[in-house]
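Data block below; observations after.
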Amino acid sequence: MTGKTILIIDDDRHLLLGLAARLKGSGYKVVCAKDGTAGITLARQEGPDLVILDLGMPGDDGFLVLERMREVACLSAIPVIVLTARAPADNEKRALDGGAVAFFQKPTSNHQFLTAIRQTLGETTALSTFVRT
Amino acid sequence: MTSEALGHARTKQQRPSVFPITSLHDGHLGSESNDIELSPRMRADLLDLDAWGAILTTFGQTMRVAVALTDSAGHVLGKCHNAQPVWSLVHEAAHDWTGCPFCISKDIPCTAVAEALRAGAVIRVRDEAGLTHVAVPLLLGNQQLGAIIAGQVFDRYPDSLLLQRAAKKFGVSSEQLWDLSRKQRPVSSAVLQASADLLCALGKAFLQQRYGAILEASLADANGRFRLLVDSVREHALFTIDTTGIVTSWNAGAERMFGYVEAEIVGQNFSCIFTPEDIHNQVPEKQLNKASQSGRVEDEGWRIRGNKKQFWADVNITSLLDDAGPIRGFAIIVHDVTERRKLVTVMEEARQERARVQERLLSHVSHELRTPLAAIYLFTTNVLDGLLGDLNSEQHEHLTLAVDNVNQLKSMVGDLLDITRVETHKLTVEPQQVFLAKLLTDVINTCKTNASSKKISLHSDGAFDLPLAWADPARLRQILINLIDNGIKFTPEGGTVTVQSRPLAEDDNFLCISVSDTGCGISPEDCEIVFERLAQVNNGTQASRSGLGLGLFISRDLVSRQGGRIWVESELGQGSTFYLTLPVFSLARLCAHIFTAANLEARFVTLIAVDVVWVGGAVQADIVREIRKILERCIHLGEDMILPPLSDAEPVETFFIIACTDVNGFSVIAKRISRELQNFDNTSRLKPVISSTTLLVAPDQSRDEQIGGVMETIEGLIRKHLMNKKKLK
């Protein structure tokens with residue numbers, strides 16, 4: 001059990017439920033937000049070690065959240081992994097340029113996703129680019 | 001009867017030739033008289049009796065001889081002056097023997113005409129009465145037109161057989177006829193022969209003159225008709241210009257299209273129909289140059305009317321040539337296709353809009369499908385992995401099947417979007433150097449779960465000694481996973497799926513990867529269509545139910561975009577083997593521009609390796625891109641080059657540079673790179689290690705050998721460097 005906190009920002013409550021269960025099962029503390037605004041607020045309150053961010057959300061979308069996080073000093077250092085249903089072709093570069101450390105398209109394999117989380121949190125030493133699915 | 005060619009040297013070679021006809025464009029009528037070809041109508045025109053009548057009558061009267069004109073077969077076309085009394089004796093049948101074969105003696109065909117034409121000279125014939133007749137050939141170039149026959153009217157002897165016969169014929173006494181003939185002072189045989197020469201020259205000259213006149217008339221007629229035709233064309237502008245671009249003719253269509261009347265535009269330069277930009281860019285001159293060289297230019301573009309309005313024109317410029325002579329000018333045909341262009345643009349826009357709508361729709365559908373899929377996947381895997389408590393074996397099995405189905409749906413959703421991209425040509429392929437062995441191992445590992453769940457043995461062999469491939473690793477992975485999954489899908493439990501790779505036997509510039517299965521196989525007719533869109537081979541098995549039938553269609557597009565090809569060999573019940581080829585990565589081809597003779601002369605090539613480690617996390621894609629840009633700034637692009645990234649080379653952040661420099665040059669480059677990277681990352685999270693090997697180019701080898709040697713060494717060094725890095729890890 002690492003005890004690290006992961007914040008998931010996604011408007012799909014089923015995904016929040018399923019992913020939270022998966023991450024809790026892997027030993028993380030999980031907090032969830034259903035939209036961008038709530039996500040930023042929660043990030044300020046909880047100071048998570050990692051944010052998993054959806055791109056397409058009502059209100060502030062994922063890109064805007066990324067932007068806000070870079071602007072706020074206490075949030076700017078938190079790594080963000082993007083997990084979205086959108087195609088990488090149109091969004092991956094924009095997300096990485098916006099400060100995300102990795103990009104995954106839904107649905108993604110648990111193994112690869114968890115490996116990326118561990119690497120980002122510095123829990124493994126492997127240096128390899130993430131394989132997207 | 002005797003006949004002989006007249007004495008003076010009048011051979012074929014010395015025949016004066018017809019005057020040269022250079023102003024005619026008719027291919028049959030060259031300047032060489034021998035090339036002349038005549039139509040039947042022209043032949044008739046040339047021997048028209050009305051035209052010849054005057055000259056023949058004058059000759060007959062002056063020389064006091066009988067004269068007749070025949071065609072080349074010896075048939076009489078007409079006769080003048082004394083011909084009737086002389087030759088009618090042998091043509092008793094009719095007063096008018098026009099059209100009959102010409103005869104001198106009764107019932108004996110006269111061969112003089114044919115002989116004269118063959119010899120090209122005057123032929124003399126003496127008849128049984130002792131009278132002389134001459135056949136004068138009428139030749140135009142190599143064409144035998146006919147002959148003029150001239151004959152002595154009467155002999156000088158009153159008791160001649162001819163006179164007696166003639167007297168009898170006309171019902172007078174031979175004395176009376178003699179008196180008559182004395183009055184006419186008949187010529188001697190010698191005079192006739194001499195005058196025949198004159199007649200020969202006269203006939204030739206007259207023929208040529210007539211020929212010229214006829215041609216001129218027919219040309220004028222043709223020109224007139226052509227002009228009429230040209231002017232009746234209203235939809236196209238037809239005009240001619242000279243070699244300098246000055247307008248020389250202008251039809252009614254051109255008048256209508258451009259708004260200039262013929263009188264005002266002829267003599268002006270045709271550049272006035274071009275846009276100012278085109279004139280500035282010397283487009284008119286360039287087009288004429290091109291038309292001069294290739295004989296023809298086709299162009300589509302804006303042209304200007306007299307009222308300064310633009311229209312979209314389809315232009316055709318053809319050079320006007322004499323036979324092998326210099327260009328006389330150009331004929332230009334212009335068609336106003338503004339409306340067609342509008343239509344094409346509208347249709348193209350509609351097509352693109354439709355493709356955009358389709359892509360938006362599919363992209364939306366795919367997005368909407370992926371969200372619930374992700375949730376289903378998470379819930380089922382959570383339960384399957386025991387996060388919510390233990391499962392019995394049946395529950396486990398059912399959930400495993402559910403996850404399989406989710407994965408299948410997932411790949412179908414991916415195909416849906418790819419298929420639109422195939423159709424809008426937006427499927428991207430970014431080739432780089434690929435270690436097939438590594439990639440195949442990854443792919444096999446990915447597919448292993450699927451294979452083992454069906455108790456199918458999946459393995460690969462052969463990839464380890466292969467040269468690097470030139471391919472897009474992500475796309476290659478997609479293609480191979482598709483082929484292997486297909487193999488697994490159509491192979492019954494306990495079967496085998498084998499992936500092999502080797503150099504292509506027929507062409508070692510390509511690698512060949514094959515995926516074989518021991519499944520149901522594909523019939524020959526289905527082998528033809530499996531790569532078509534939405535092909536679903538109906539083999540009655542459950543397996544064909546899954547998938548959209550798009551995988552192979554997309555694979556084919558992806559393979560061909562990477563420069564390879566894909567095909568299948570199969571037999572029903574015997575399993576199938578899918579083959580795909582990929583180009584071998586060739587450093588030599590990639591670096592060809594670097595190894596110029598001058599660079600090889602300098603004899604140094606240095607391989608620089610820049611290993612970059614990002615402290616505190618994985619190197620991010622954008623940092624890799626940024627570093628690449630920095631390196632590009634530090635070398636002489638064009639002379640030196642950074643090799644494309646190695647797929648899955650670990651660590652990925654090793655950049656290889658081939659520089660045309662030596663040890664000293666390298667130290668300069670290395671310092672520059674360190675400084676620039678430091679500027680980029682002043683927090684020192686970036687740890688670059690720069691190393692190099694300088695290669696000596698053997699001076700006594702050919703250029704190809706030199707390049708080959710250098711490439712081999714470089715490839716060896718890269719491999720060794722990466723191996724060492726791996727070991728260090």
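Letters A, B, ... are given to chains in the order of the sequence lines, protein chains preceding strands, and every chain is numbered from 1. Remember, it's a predicted structure, so these values are computed and weren't measured experimentally.
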Working to the nearest 0.5 angstrom, can you tell me the gap between [X] [atom1] and [Y] [atom2]?
| X | Y | atom1 | atom2 | result |
| --- | --- | --- | --- | --- |
| A/H111 | B/T446 | NE2 | OG1 | 9.5 Å |
| B/T371 | A/H14 | OG1 | NE2 | 12.0 Å |
| A/T84 | B/H367 | OG1 | NE2 | 5.0 Å |
| A/L15 | B/F379 | CG | CZ | 8.0 Å |
| A/K106 | B/K410 | NZ | NZ | 13.5 Å |
| B/N382 | A/L17 | CG | CG | 8.5 Å |

Counting only heavy atoms not in [X], do more than 12 sit closer than 6.0 Å to its [atom1] atom?
| X | atom1 | result |
| --- | --- | --- |
| A/R44 | CZ | no |
| B/N445 | CG | yes |
| A/R70 | CZ | yes |

task = Tell me, out of A/L19, A/L16, A/D10, A/D54, who's got the most heavy-atom pairs with chain B below 4.5 Å.
result = A/L19

query = Looking at B/L373 and A/P107, what are the two nearest heavy atoms and their distance?
reply = CB-CG, 4.0 Å

query = So do B/Y377 and A/N110 actually touch side chain to side chain, heavy atoms under 4.5 Å?
reply = yes

inquiry  = Need one label for A/D12: side chain, backbone, both or neither, based on atoms under 4.5 Å from any heavy atom in chain B.
reply    = side chain

note = Okay, A/A21 and chain B: the region with an atom under 4.5 Å from a heavy atom over there is both

inquiry  = Main chain of A/A87, side chain of B/R370: is a donor-acceptor contact present, judged purely on distance under 3.5 Å?
reply    = no

query = Between B/D385, B/L378, B/L369, which has the largest tally of heavy atom pairs under 4.5 Å with chain A?
reply = B/L378

